[in-house]
Amino acid sequence: MEFITNRDLKRVRKIQNRLLFAYENDLSKHAPKEIVTRIRMLWNSIPIQLAKENKKFIYGLVREGARAREYEIAITWLMDVGLVYRINRVKKPDFPLRAYQDFSAFKLFIVDVGLLGAMSRLNARTILEGNKLFEEFKGALTEQYVLQQLIVNSENDIFYWSAENATSEIDFLIQTDDCIAPLEVKAEENLQAKSLKVFVQKYGVKDAVRVSMSGFRRQDWLINFPLYNIGNLNQGEKIH
């Protein structure tokens, strides 16, 4: 709303920073005292986690030598207050996806893509105009944005898939009432979809979805949705 009114990205960033500061203060006020430090460390590690090519959450990036049992309560607390989304890996794309979850492998996203940019100290010029040093993290921001668009639709049950040998990964696997659809996220007009093709061939999926800066198109086994329109994925042009 601030940007619509004033067209001033610096003022938007000030609001985002105030929100982040308020969240940090709320941790001290409302979280159990014995886990406040762990919650802070985990929260602040999320941009680092998402900057990796493989965005699977690694406890060792929170603190060297960290173990799951030390931070499970911290993750649950952040999820319960609505500050993070946890997307679990599934071992295979069968109905229902929830029955095939691998709880030891997951990705964590925060509540808002703008706040992720603020946490990462990315300035507006870098985000809008690009930079060679920004290419990898652009993927993290794009994946965060797509998840936000998908998660508002209660029909979507959202997971991700990766091969056991880690040679291929699908960013999101979405189950609706009668469909399981793999979805791959591209930050640019890069139309390669190697992991998606491997997945379709392996499991015989009828339709797969690629989200990119390219326009809408349907071709054989693949539907390309433009990033700006991903919120309409479940409407109009069906994915199944």
Side-chain angles (χ1 to χ4, degrees), residues 50-56 85 87-90 92-95 97 100 106-107 109-110 112-114 116-117 122 126-132 134-163 166-240:
L50 294 177
K52 309 189 312 309
E53 183 177 354
N54 178 354
K55 295 174 178 59
K56 174 186 172 183
Y85 301 121
I87 304 299
N88 288 335
R89 175 182 178 265
V90 291
K92 61 178 181 176
D94 284 354
F95 283 103
L97 289 177
Y100 301 98
F106 59 92
K107 298 189 281 189
F109 296 88
I110 70 167
D112 179 76
V113 66
L116 179 60
L122 279 170
T126 300
I127 295 173
L128 294 175
E129 297 179 6
N131 183 306
K132 287 184 179 179
F134 174 56
E135 292 303 313
E136 190 167 21
F137 198 71
K138 185 188 291 186
L141 286 174
T142 308
E143 203 167 321
Q144 168 76 49
Y145 161 77
V146 169
L147 175 66
Q148 283 178 232
Q149 301 303 308
L150 296 173
I151 214 159
V152 295
N153 190 323
S154 59
E155 291 183 17
N156 294 331
D157 211 7
I158 306 169
F159 304 87
Y160 82 98
W161 173 87
S162 62
T167 55
S168 56
E169 178 178 311
I170 301 298
D171 297 319
F172 298 114
L173 205 58
I174 306 166
Q175 178 185 319
T176 56
D177 288 340
D178 59 352
C179 172
I180 293 174
L183 187 151
E184 189 165 342
V185 177
K186 300 293 185 182
E188 298 285 352
E189 290 194 62
N190 179 353
L191 300 185
Q192 293 185 1
K194 293 179 181 178
S195 291
L196 208 52
K197 193 164 188 177
V198 168
F199 183 89
V200 168
Q201 291 174 343
K202 180 178 178 67
Y203 294 108
V205 176
K206 183 179 179 182
D207 280 324
V209 178
R210 179 183 59 213
V211 186
S212 75
M213 291 291 287
S214 187
F216 178 87
R217 64 168 65 88
R218 178 185 281 273
Q219 54 188 79
D220 300 328
W221 55 274
L222 179 67
I223 303 171
N224 189 88
F225 260 82
L227 277 165
Y228 68 82
N229 197 41
I230 188 60
N232 293 319
L233 182 66
N234 297 83
Q235 302 171 20
E237 183 72 31
K238 295 296 184 181
I239 59 174
H240 59 286

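Within the model, atoms CD1 of I110 and CG of L147 stand 11.0 Å from one another, a figure rounded to the nearest 0.5 Å. Between L97 atom CG and D157 atom CG the span is 6.5 Å, to the nearest 0.5 Å. Atom CZ of residue R210 and atom NZ of residue K197 lie 11.5 Å apart, to the nearest 0.5 angstrom. The CD1 atom of I180 sits 5.0 Å away from atom CD of Q175, with the distance rounded to the nearest 0.5 Å. Between atom CG of residue L122 and atom NZ of residue K138 there is a gap of 11.0 Å, rounded to the nearest 0.5 Å. Between the CZ atom of R217 and the CZ atom of F225 there is a distance of 13.0 Å, given to the nearest 0.5 Å.
The closest side-chain heavy-atom distance from N156 to L233 is not below 4.5 Å. Contact annotation: the side chain of F199 approaches that of P93 to within less than 4.5 Å [non-hydrogen atoms, C-beta and beyond]. Proximity of V185 to I230: side-chain heavy atoms (C-beta onward) are nowhere separated by under 4.5 Å. Counting only heavy atoms from C-beta outward, the side chains of I170 and L196 approach each other to under 4.5 Å. A heavy-atom distance below 4.5 Å is not found between the side chains of V211 and D171.
In plain terms, the two heavy atoms of A208 and V200 that are nearest each other are CB-CG2, 3.7 Å. When all heavy atoms of S195 and S168 are compared, the pair lying nearest together is OG-CB, 3.5 Å. Nearest heavy atom pair, residue L173 against residue W161, reads CD2-CB, 4.2 Å.
A donor-acceptor pair is defined here as one N or O able to donate and one able to accept, closer than 3.5 Å; such a pair exists between the side chain of Y145 and the backbone of L227. Between the side chain of N54 and the main chain of K56, a donor-acceptor pair closer than 3.5 Å is present. Judged by distance alone, the side chain of Q144 and the main-chain N or O of L116 form no donor-acceptor pair under 3.5 Å.
Contacts of S212 classified as side-chain contact (heavy atoms from CB on, under 4.5 Å), with partners at least two apart in sequence or in another chain: K186, L191, S214, N224. Applying the side-chain contact (heavy atoms from CB on, under 4.5 Å) rule to A51 yields the partners F137; only residues at least two apart in sequence or on another chain are considered. Listed by chain and number, the residues in a ring-ring contact (aromatic ring centres under 6.0 Å, His included) with F106 are F57 (sequence neighbours excluded). F159 meets the ring-ring contact (aromatic ring centres under 6.0 Å, His included) test with no other residue; sequence neighbours excluded. Under the rule for a side chain to side chain donor-acceptor pair (under 3.5 Å), Q149 has no partner lying at least two apart in sequence or in another chain.
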> Are L183 and V146 close enough, and set up right, to give a side-chain contact (heavy atoms from CB on, under 4.5 Å), and what steps lead you there?
Replying inline: CA-CA 10 Å; L183 187 151; V146 169; 4.1 Å; yes
- [ ] Go through E169 and R89 one step at a time and tell me if the salt bridge (Lys or Arg N to Asp or Glu O under 4.0 Å) criterion holds.
- [x] CA-CA 10 Å; E169 178 178 311; R89 175 182 178 265; over 6 Å; no
**Request:** With side-chain contact (heavy atoms from CB on, under 4.5 Å) as the test, would you mind laying out the steps for Y203 and K92 before giving the verdict?
**Result:** CA-CA 9 Å; Y203 294 108; K92 61 178 181 176; 4.3 Å; yes
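Listed by first then second residue, pairs satisfying salt bridge (charged side-chain N to carboxylate O under 4.0 Å, His left out) with a partner in residues 139-155 read K55-E143, K107-E143, not counting sequence neighbours.
Between F109 and F172, the ring-plane angle classifies as tilted under the 30° and 60° cut-offs.
Counting heavy-atom neighbours within 6.0 Å of E53 CD, excluding the residue itself, gives a total of 12 or less.
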